[in-house]
Amino acid sequence: MANIKSQIKRIKTNDKARLRNKSVRSSIKTAVRRFRDAVTAGDSAVITSELRTASQALDIAVAKGVIHKNTAANKKSSMAKSATKAGVR
């Protein structure tokens, strides 16, 4: 454990940020998984709504600084590609 007061505070804030980032990453993974499940099911209305939900989750993560914007763009692009392949749009 740190002895310096500022470092003790920094450890606390880093822990809060780590938990927040973990939660956001988990929600991203859940949204992407639901989208993939919708693609395998083949229902176009569900695919469209899950694509929108996952894209919003990725945008929120970028805004909070959890993931890089290019990572989100690559994920959104691949999801849109698979949605198009599944016959949506």
Side-chain angles (χ1 to χ4, degrees):
M1 187 67 188
N3 292 329
I4 300 166
K5 190 174 184 180
S6 63
Q7 191 58 35
I8 291 170
K9 184 177 179 181
R10 197 68 207 144
I11 288 170
K12 286 180 185 177
T13 58
N14 285 343
D15 195 41
K16 285 181 190 175
R18 182 183 60 83
L19 292 175
R20 184 173 57 242
N21 292 344
K22 186 177 178 184
S23 171
V24 172
R25 278 193 210 102
S26 176
S27 66
I28 291 170
K29 289 178 184 177
T30 302
V32 171
R33 181 176 36 81
R34 284 185 180 161
F35 169 75
R36 287 190 187 131
D37 292 344
V39 169
T40 56
D43 187 10
S44 62
V46 176
I47 291 172
T48 305
S49 67
E50 291 299 334
L51 176 62
R52 186 175 297 118
T53 304
S55 295
Q56 288 173 348
L58 287 166
D59 290 338
I60 289 168
V62 169
K64 290 186 176 186
V66 177
I67 60 173
H68 194 270
K69 64 179 181 176
N70 290 350
T71 303
N74 290 337
K75 286 184 187 287
K76 285 163 56 175
S77 174
S78 67
M79 285 191 303
K81 200 174 188 181
S82 64
T84 303
K85 206 174 199 180
V88 178
R89 290 186 184 184

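Taken together through direct or relayed side-chain contacts under 4.5 Å among Ile, Leu, Val, Met, Phe, Trp and Tyr, Ile28 and Val62 form part of one hydrophobic cluster. In the hydrophobic cluster analysis, where Ile, Leu, Val, Met, Phe, Trp and Tyr join through side-chain heavy atoms closer than 4.5 angstrom, Val39 is grouped together with Val88.
For the atom pair Ile67 CD1 and Arg25 CZ, the distance stands at 9.0 Å (nearest 0.5 Å). Taking CZ of Phe35 as the reference point, atom OG of Ser55 lies at 8.0 Å (rounded to 0.5 Å). The structure places CG of Leu19 at 11.0 Å from CG of Asn14, a figure rounded to the nearest 0.5 Å. With rounding to the nearest 0.5 Å, the separation of NZ in Lys29 from OG in Ser26 is 7.5 Å.
Checked for salt-bridge contact, Asp15 and Arg18 meet the test: a charged N lies under 4.0 Å from a carboxylate O.
Remark: the backbone N or O of Ser49 is paired with a side-chain donor or acceptor of Thr53 at under 3.5 angstrom. Not one N or O on the side chain of Ser77 forms a donor-acceptor pair closer than 3.5 Å with the backbone of Ala73.
What you find for Glu50 and Ala38 is that their closest heavy atoms are CG-CB, 4.2 Å. Looking at every heavy atom in both residues, Ala31 comes nearest to Ala54 through CB-CA, 3.8 Å. Heavy-atom minimum distance, Leu51 versus Ala80: CD1-N, 4.1 Å.
Heavy-atom neighbours of Ile4 CD1 from other residues, nucleotides or ligands within 6.0 Å: at or below the threshold of 12.
Considering Ile47, Asn74, Leu58, Thr84 as possible partners of Met79, the one that fulfils the side-chain contact (heavy atoms from CB on, under 4.5 Å) test is Leu58.
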- Query: Should Val24 and Lys64 be marked as a side-chain contact (heavy atoms from CB on, under 4.5 Å) after you check the CA-CA gap, both sets of side-chain angles, and the distance that decides it?
  - Reply: CA-CA 9 Å; Val24 172; Lys64 290 186 176 186; 4.2 Å; yes
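Side-chain contact between Val46 and Arg34 is absent, with no heavy atoms from C-beta onward closer than 4.5 Å.
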